[in-house]
Number of protein chains: 2
Amino acid sequence: MRKPPPPRVGTKGVPRADREAEILDAACREFGEQGYRHASVARIAAACEISRALVYEYFGSRDGLHAACARFIGDPLVAAVTAAQTSADPDERARATITAILTRLEERRFDWQVIYDPTVPPDAAGHDLLQDYRAALNRLGAEGVRAVSDTTDDLDLSLLTQLWYGTVTSTIAWWQRHPEETAASLAERWQRLLAMR
Amino acid sequence: MRKPPPPRVGTKGVPRADREAEILDAACREFGEQGYRHASVARIAAACEISRALVYEYFGSRDGLHAACARFIGDPLVAAVTAAQTSADPDERARATITAILTRLEERRFDWQVIYDPTVPPDAAGHDLLQDYRAALNRLGAEGVRAVSDTTDDLDLSLLTQLWYGTVTSTIAWWQRHPEETAASLAERWQRLLAMR
DNA sequence: TCCTGATCTGACACATGAGTAAGTTACGTA
DNA sequence: TACGTAACTTACTCATGTGTCAGATCAGGA
């Protein structure tokens, strides 16, 4: 029956940088789980046990917060995938790419959905950003697809590229329902299943 | 500069059955395009050029309308896919399955997203319905997967099944951006690309 | 002609969520 | 110890969306 302590009004002594990181983390989860449209600043603030007003103070708007999340997730992800493109062998390169993605997302499995969020409206600040990240990832994926397939038809290639990313998205969705699987074990499983065919 | 005619108050002489079908059609598109959470009864009503109140009169609530859409889409789709499972040859059966799905969705490409809408909350009336449809489609897909693959590991099979439906979902997403493609030509393209590997 | 039921609407009440304004508390520092 | 500033909250305004209600209009039958 103990009542929760009444919310104090003054500062809690948390430096801005720390608080911003905390908010960003909660926001990535919220935007990933709910999508841009249904993400709520109120829930993000509640997760950090602060008021909504502080979120606006630090990030300006819901949209600004979303753009910050996009950058926070997109920059290192694109860097990691780019860094994985070392081998000349297409199969080995595909393996390295999927391993890089999975490793990057190991502790943040909802991040992928922030990048591939279909509910971001075109006038959102983060929209163009996300499009750039997707384009970068797409370019890398398309190169891999071109190396493996023997078609030259543009429509074929665009469909294959879409299928490649659909496969990655499906895998991550499956992963979210199988939390016991690690990035390493999943990459291994993937390799085995794809080789089977 | 002609002003639109002022909205009349009385009946427009449209029988209930016809109006219900019209609303259902608009609602399927809205739920498919926007997802359960962001779908708006106001937009559905506007598409039919009627007031929101009539939608509530006929379908009770947004949730009831959604459940009706789920049934309207799910029943014939599951029936069509089930009917396609005739051949004993796994490759031929996969071809028949994808053709059945694409043909069914030819004029209603947004229907698939209604079935695989991730934004339906568990307490929605249509949630369990959709889960049943997905389970039925999944069971059919899983049989095909089992026939093709040579693993017996349960996790492997569940991942492969997820990948199968991820592939279908990706294909339909691609299709929405390539309206000139017909069900037949897309099925043929699919077959060719999958055989290539 | 009058009445009954089907079709349909405008105007509400109410909830949720974005964004803002004004003020409170505590910390560091001179 | 006094003060400026960073951290933080409450209490609003405003917009959007759901759901309800009383009543308007029309078609068809007694």
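Predicted, not measured: the structure shown is a model, and the values here were computed from it. The basis for the numbers below is simple: all heavy atoms, side chains too, and nothing from hydrogens, waters or symmetry mates. In what follows, every chain begins at residue 1, and chains take the letters A, B, ... in the order their sequences are listed.
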Nucleic acid contacts - residues 24-37 of chain B versus DNA chain C, non-hydrogen atoms under 4.0 Å: none
The ring pair (Phe, Tyr, Trp, His ring centres under 6.0 Å) partners of B:Trp175 (sequence neighbours excluded) come to none
Please enumerate all protein N or O atoms sitting under 3.5 Å from an N or O of nucleotides 19-21 of chain D, with distances to 0.1 Å.
from	atom 1	to	atom 2	distance (Å)
D:dG19	OP2	B:Tyr56	OH	3.3
D:dG19	OP2	B:Arg62	N	3.0
D:dG19	N7	B:Arg52	NH1	2.9
D:dG19	O6	B:Arg52	NH2	2.5

Just list the side-chain donor-acceptor pairs under 3.5 Å for residues 60-68 of chain A, sequence neighbours left out, or say none.
from	atom 1	to	atom 2	distance (Å)
A:Ser61	OG	A:Asp63	N	3.4
A:Ser61	OG	A:Gly64	N	3.0
A:Arg62	NH1	A:Tyr36	O	2.9
A:Arg62	NH1	A:Ala39	O	2.7
A:Arg62	NH2	A:Tyr36	O	3.3
A:Asp63	OD1	A:Tyr36	OH	2.6
A:Asp63	OD2	A:Ala125	N	2.8

Taking only residues two or more places apart in sequence, or in another chain, which ones meet A:Ser170 in a side-chain hydrogen bond (donor to acceptor under 3.5 Å, both in side chains)? none
Partner set under side-chain hydrogen bond (donor to acceptor under 3.5 Å, both in side chains) for B:Asp128, not counting sequence neighbours: none
Between B:Ser51 and A:Glu57, the residue closer to the 5' end of DNA chain C by nearest nucleotide is B:Ser51
Pairwise side-chain contact, A:Val78 with A:Leu140, heavy-atom cut-off 4.5 Å (strictly under): no
Under 3.5 Å, is there a donor on one side chain and an acceptor on the other for B:Thr182 and B:Ser185? yes
With sequence neighbours left out, the residues meeting salt bridge (Lys or Arg N to Asp or Glu O under 4.0 Å) with A:Arg95 are A:Glu92
Show me the pairs that pass ring pair (Phe, Tyr, Trp, His ring centres under 6.0 Å) and involve residues 130-156 of chain B, at least two apart or across chains. none
Tell me what A:Ala39 touches on the nucleic acid: a base, only sugar-phosphate, or nothing, going by heavy atoms under 4.0 Å. sugar-phosphate
Ring pair (Phe, Tyr, Trp, His ring centres under 6.0 Å) with B:His38: which residues, sequence neighbours excluded? none
Please list all pairs meeting salt bridge (Lys or Arg N to Asp or Glu O under 4.0 Å) that have one or both residues in residues 31-53 of chain B, counting only residues at least two apart or in different chains. B:Arg29-B:Glu33, B:Glu30-B:Arg43
Sub-4.0 Å heavy-atom contacts from residues 121-129 of chain A onto DNA chain D, ordered by number: none
Expected output is a numbered-order residue list: members of residues 16-23 of chain A with a heavy atom under 4.0 Å from any atom of DNA chain D. What is it? A:Arg16, A:Arg19
Nearest heavy-atom approach of A:Ala83 to A:Thr86 is O-CG2, 3.5 Å
With a non-hydrogen cut-off below 4.0 angstrom, is A:Phe59 in contact with a base, only sugar-phosphate, or nothing? nothing
